[in-house]
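Please read the structure below before turning to the comments.
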Number of protein chains: 2
Amino acid sequence: MSAIKKHDVFQAVADPTRREILHLLSNQNLAISEITSHFSITRTAVVKHLTILSEANLVSGKKSGREKIYHLHPEPLMEIKNWVSYFEQFWNNKLSMLKYLVENEEDKKE
Amino acid sequence: MSAIKKHDVFQAVADPTRREILHLLSNQNLAISEITSHFSITRTAVVKHLTILSEANLVSGKKSGREKIYHLHPEPLMEIKNWVSYFEQFWNNKLSMLKYLVENEEDKKE
DNA sequence: TTGACATAAAACCATTTGGTGTTATATTAT
DNA sequence: ATAATATAACACCAAATGGTTTTATGTCAA
């Protein structure tokens, strides 16, 4: 159980092409060729991106005749949302600029 | 102007060590050696991570005597937050399971 | 059944990544 | 002055990344 995940969601989303693929799949399920037609890279390259997205459980493909239809599973993105939300306190309150200045004073002392 | 950014914020945050560095710096400003003491990697490796984080404008270092103190700039994380928030619609409403099932039916037909 | 289409699998390649070790330079404390 | 500390600047390395081309294999439509 609990297989070693080779690609986590942060890494999966680090590549702009993969982010665009996720966006495409948010509108409709698409076959590999249909996804490829949106980019200037080869189908093989697209398949590799899809494999990485699959390993992060962000998409899954289902064979349908001679096509393989991919669809989105956005749930793992929650991990990113939660991670980022921790840092919101540092820009979300009015005291952040004061905090910044105080910290800089500390820098000068040490 | 508008220099070519070698590392964007998505890529900067893709590495677990770099995420941990950001977390450390959210508590207090730290010198390179202090950051290094939290990990089992060499200082040289930590410096490379800090360089990548700097290029993404997530941290900046300020020389103070013989030390270089790094501090956090969480603002660029907003880009990630905004990107992820688009996908919230797909898990945030009660209809997502129905939507999922309908899409699967469509897969069977095509 | 035969050609066109869609995917799969494999070998290959250049660059980046995440790390190492070594050497040099600047600063601090004794 | 000198030793210890903190960083900087290199050169180096194995593995991963993001891409390619080539060669199959399965499926559909005429």
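Proteins come first, then strands; the chains are lettered A, B, ... in the order of their sequence lines, and each starts at number 1. Here the structure is a predicted model, which means the values were calculated and not measured. Reckoned from all heavy atoms, side chains included, excluding hydrogens, waters and symmetry mates.
Residue A/D15 contributes atom CG, which lies 14 Å from atom P of C/dT16 at whole-angstrom precision. The CD1-P distance, from A/I41 to D/dT20, rounds to 6 Å in whole Å. If you measure from atom CZ of A/F10 to atom C1' of D/dT17, you get 20 Å, rounded to the nearest angstrom. In this entry the distance linking CG of B/L53 with P of C/dT17 reads 13 Å, nearest Å. Straight-line distance from the CD1 atom of A/I52 to the C1' atom of C/dT17: 14 Å, rounded to whole Å.
Qualifying side-chain contact (heavy atoms from CB on, under 4.5 Å) partners for A/A14, counting only residues two or more places apart in sequence or in other chains: B/A14. Applying the side-chain contact (heavy atoms from CB on, under 4.5 Å) rule to A/S37 yields no partners; only residues at least two apart in sequence or on another chain are considered. By the ring pair (Phe, Tyr, Trp, His ring centres under 6.0 Å) test, A/F10 pairs with A/W83, sequence neighbours left out. Residues meeting the side-chain contact (heavy atoms from CB on, under 4.5 Å) test with B/V84, sequence neighbours left out: A/L77, A/I80, A/K81, B/I80, B/W91. Remark: B/T42 engages B/T44, B/A45 in a side-chain contact (heavy atoms from CB on, under 4.5 Å) (not counting sequence neighbours).
For residues 9-26 of chain B, the pairs satisfying salt bridge (charged side-chain N to carboxylate O under 4.0 Å, His left out) are A/D8-B/R19, with sequence neighbours left out. Here ring pair (Phe, Tyr, Trp, His ring centres under 6.0 Å) pairs that include residues 13-44 of chain B, with residues two or more places apart or in two chains, are A/Y86-B/H23, A/F87-B/H23.
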Pick out the pairs of N or O atoms, protein on one side and nucleotides 23-25 of chain D on the other, that lie under 3.5 Å.
none

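Proximity of A/Q11 to the phosphate of D/dT17: a side-chain N or O atom is located under 4.0 Å from OP1 or OP2. For C/dT17, the OP1/OP2 oxygens have a side-chain nitrogen or oxygen of B/H7 closer than 4.0 Å.
Here A/L50 contributes atom CG and A/E55 contributes atom CD; the two are 11.5 Å apart, rounded to the nearest 0.5 Å.
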Contact string for nucleotides 6-11 of chain C, one letter per nucleotide 5' to 3', B = base within protein heavy-atom range under 4.0 Å, S = sugar-phosphate only, - = neither, reads SBSBB-
